[in-house]
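The structure appears right after this line, and notes come after that.
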Amino acid sequence: QREASLMTSIVLSQLPWRADDPAAAARAALDAAVRAARRAQLEPGPVLVLLPLAEAATRADERPAEAALLAALGALALDAGAWLAGAAHVRAGNGAAAAHTIAFLVGDDGKPKLRAAKLTPELVEGFDDSTCALGAAAPFEVVATPFGQVGLLPGEDAFFCHHARALAFNGAELILNSCRERSDDQ
C-alpha cells in the first residue's frame, strides 16, 4: 500500500540524448526534467524521468556496452536523486558487436531495477530485426516502485497490445514506453 500523502512526479522528456555519452547528453535532459518536477510538487516526493529512446550510433560496434551504460545512468540517477527510465541500442558486452535494444529503469539509489529487451523489429526507422528479441521468451517483468507496479515496453513494442496485456496480467499499473518522435505525424 502506498501512502496517500506521498506526492510523486513523472516527467516525460523529449530532449535527445546519446547512449555513447550519457554523462553529458542525458545529464541535461535529466536536470531539466527534475527541476521542472520539483517546482511543480506541492511537497517533496519521488521523481521519475522518462527519457526518449537514445540517439544511436550508426555502427553497432560503436554502441555502448549495456553494463557500462547502466552504470553511467545509475550514477546520474543517484546524483539527481531521481528515478530514471528510457531505452537505448546497446551491445551485450565489451567484445560483442551485435546490438540490441533495451528499456531500463534505474532507481534513485543508482541501482538498476528493471530491464526489458525489445521484442519486436524496428519499424519506424526502417525495418530491422537485428535489435529485437522476437524469438526469445519474454518474462514481462514488473517491479514495485513509489509510482506503482511498473513495466517497460521499449520503442514499437507498445504497438502490440498483447505485450501491454501481458504486463498488466503480471501486475503492471504503469507501463513506460521510451520512444523517439521524429515529426508531428509519427
Side-chain angles (χ1 to χ4, degrees), residues 12-13 16-22 25-26 29 48-77 83-107 110-145 147-182 186:
L12 306 177
S13 172
W17 67 286
R18 293 193 57 85
D20 56 353
D21 187 16
L48 168 63
V49 177
L50 177 62
L51 297 172
L53 178 67
E55 299 286 337
T58 306
R59 292 184 13 202
D61 62 347
E62 294 175 347
R63 295 176 183 167
E66 181 178 331
L69 175 65
L70 291 177
L73 292 169
L76 288 176
W83 290 70
L84 183 58
H89 305 291
V90 297
R91 288 179 291 121
N94 290 330
H100 60 278
T101 303
I102 61 157
F104 56 83
L105 176 65
V106 178
K111 296 179 181 163
K113 304 297 182 186
L114 190 59
R115 175 209 181 273
K118 187 171 188 309
L119 301 173
T120 57
E122 292 292 330
L123 303 173
V124 172
E125 298 190 33
F127 181 81
D128 178 12
D129 65 357
S130 66
T131 61
C132 72
L134 200 54
F140 294 104
E141 295 175 302
V142 299
V143 66
T145 73
F147 313 96
Q149 293 284 105
V150 174
L152 302 171
L153 288 177
E156 298 93 352
D157 281 2
F159 292 165
F160 301 89
C161 62
H162 55 283
H163 295 161
R165 188 175 299 122
L167 283 170
F169 285 149
N170 285 341
E173 299 167 314
L174 175 64
I175 298 172
L176 300 176
N177 171 241
S178 185
C179 59
R180 183 173 52 236
E181 294 287 329
R182 286 294 184 199
Q186 288 184 333

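In this structure, L105 CG and W83 CH2 are separated by 5.5 Å, a value rounded to the nearest 0.5 Å. Here the CD-CG distance, from Q149 to L114, works out to 10.5 Å after rounding to the nearest 0.5 Å. Distance CZ/F140 to CG/L119: 5.0 Å, rounded to 0.5 Å.
Between P154 and N177, the shortest heavy-atom contact is C-ND2, 3.9 Å. Between V150 and L176, the shortest heavy-atom distance links the atoms CG1-CD1, 3.8 Å. Considering all non-hydrogen atoms of both residues, V106 and L73 come closest at CG1-O, 4.4 Å. Contact detail for L174 and F147: the closest heavy-atom pair is CD2-CB, 4.2 Å. The two residues L167 and E141 come nearest to each other via the heavy atoms CD2-O, 3.5 Å. Shortest non-hydrogen contact noted between A117 and D157 is O-OD2, 4.0 Å.
At a threshold of 4.0 Å, the pair E156-K118 counts as salt-bridged, since one of the basic side-chain nitrogens sits closer than that to a carboxylate oxygen.
Looking only at side-chain heavy atoms (C-beta outward), E66 and I102 come within less than 4.5 Å of each other. The closest side-chain heavy-atom distance from L53 to H89 is below 4.5 Å.
Using a 30° and 60° split on the angle between ring planes, H163 and F160 fall in the tilted class, from 30° to 60°.
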